[in-house]
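Each remark here refers to the structure printed beneath this line.
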Amino acid sequence: MRYWLMKTEPDVFSWDDLERCPNRTTMWEGVRNYQARNFMRDEFGVGDGVLFYHSRKNPSVVGVARVVRAAYPDPTQFVETSRYFDPRSAPDAPRWVTVDVQAERRFPEPLTLSRLRAERGVAGMALLAPGSRLSVQPVRPHEWEEVCRLAGVTVD
DNA sequence: GCCAACGTTGGC
DNA sequence: GCCAACGTTGGC
């Protein structure tokens with residue numbers, strides 16, 4: 001089992017939105033970055049842990065989710081009216097994949113980026129690297145444990 | 001294959 | 001809203 005961090009702009013899709021989804025589960029559509037895609041396609045497994053991160057507005061880790069379905073073609077890449085439409089992707093050779101993610105535990109309080117920057121135990125996180133923009137990032141086990149500890153929750 | 005132009009991300 | 005950092009595109 002692995003651990004990940006996934007970014008979302010809360011104005012587009014927030015933790016509240018995830019909790020409102022049927023079975024608290026959503027298709028993580030719209031990833032259009034090759035490095036992020038490769039993580040999902042090649043390394044994501046059912047049961048992996050996900051730090052759910054709100055970017056831009058009060059940037060924070062706001063909860064923990066689970067991968068409940070491994071990679072499959074992202075249907076939005078074929079929908080012409082979708083903001084995620086990719087005219088260069090062919091149905092017989094999909095370019096982009098998605099996974100299904102289920103809400104597990106909301107943090108009692110958002111764990112802010114500024115707090116994380118101040119904590120030595122998470123100093124190596126990809127999230128904190130200068131200029132890091134990757135929307136799907138690996139998280140090391142000790143980083144996962146420390147983030148959950150700082151948030152005041154216990155999650156395997 | 002280089003790299004300038006362009007578009008996007010995301011902290012501030 | 002600004003803009004630096006980064007990724008992608010496409011001419012050559």
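In this text the structure is predicted, and so the values were computed from the model without any measurement. Note on naming: letters A, B, ... go to the chains in the order of the sequence lines (proteins, then strands), and numbering restarts at 1 for each one.
Atom CG of A/Asp11 and atom P of C/dG1 are 13 Å apart (whole Å). Taking atom CG of A/Asn33 as the reference point, atom P of C/dA5 lies 19 Å away to the nearest angstrom. Atom pair A/Tyr34:OH and B/dT8:P shows a separation of 15 Å (rounding to whole Å applied). Counting to the nearest Å, the C1' atom of C/dG7 and the CH2 atom of A/Trp96 are 10 Å from each other. A/Arg83 places its CZ atom 17 Å from the P atom of B/dG7, with the value rounded to the nearest Å. Atom C1' of nucleotide C/dC6 and atom CG of A/Leu134 are separated by 11 Å, given to the nearest angstrom. Residue A/Asp86 contributes atom CG, which lies 15 Å from atom C1' of B/dT8 at whole-angstrom precision. A straight line from CD of A/Gln137 to P of B/dT9 spans 15 Å, rounded to a whole angstrom.
Along DNA chain C, the nucleotide closest to A/Ser132 and the one closest to A/Arg88 are compared, and the more 5′ of them pairs with A/Ser132.
Residues A/Tyr34 and A/Trp96 place their aromatic rings such that the two centres sit under 6.0 Å apart.
Checking the phosphate oxygens (OP1, OP2) of B/dG11, a side-chain nitrogen or oxygen of A/Tyr53 falls inside 4.0 Å.
Of the candidates A/Phe39, A/Phe52, A/Trp4, A/Phe44, A/Trp28 forms a ring pair (Phe, Tyr, Trp, His ring centres under 6.0 Å) with just one, namely A/Phe52.
Side-chain N/O atoms of A/Asn58 and A/Ser60 include no donor and acceptor closer than 3.5 Å. In this structure, a donor-acceptor pair under 3.5 Å is absent between the side chains of A/Ser135 and A/Arg37. Looking only at atom types and distance, the side chain of A/Ser89 has a donor-acceptor partner in the side chain of A/Gln77 under 3.5 Å away.
Looking at the side chain of A/Arg56, the nearest of the listed nucleotides C/dC6, C/dT8, B/dG10 is B/dG10. If you check B/dG11, C/dG7, B/dG10 against the side chain of A/Lys7, the one that comes closest is B/dG10. Closest approach to the A/Arg133 side chain among C/dT8, B/dG11, B/dG7 is made by B/dG7 (side chain taken as heavy atoms from C-beta onward).
Residue-level contact check: A/Arg32 touches neither bases nor backbone, having no heavy atom under 4.0 Å from any strand.
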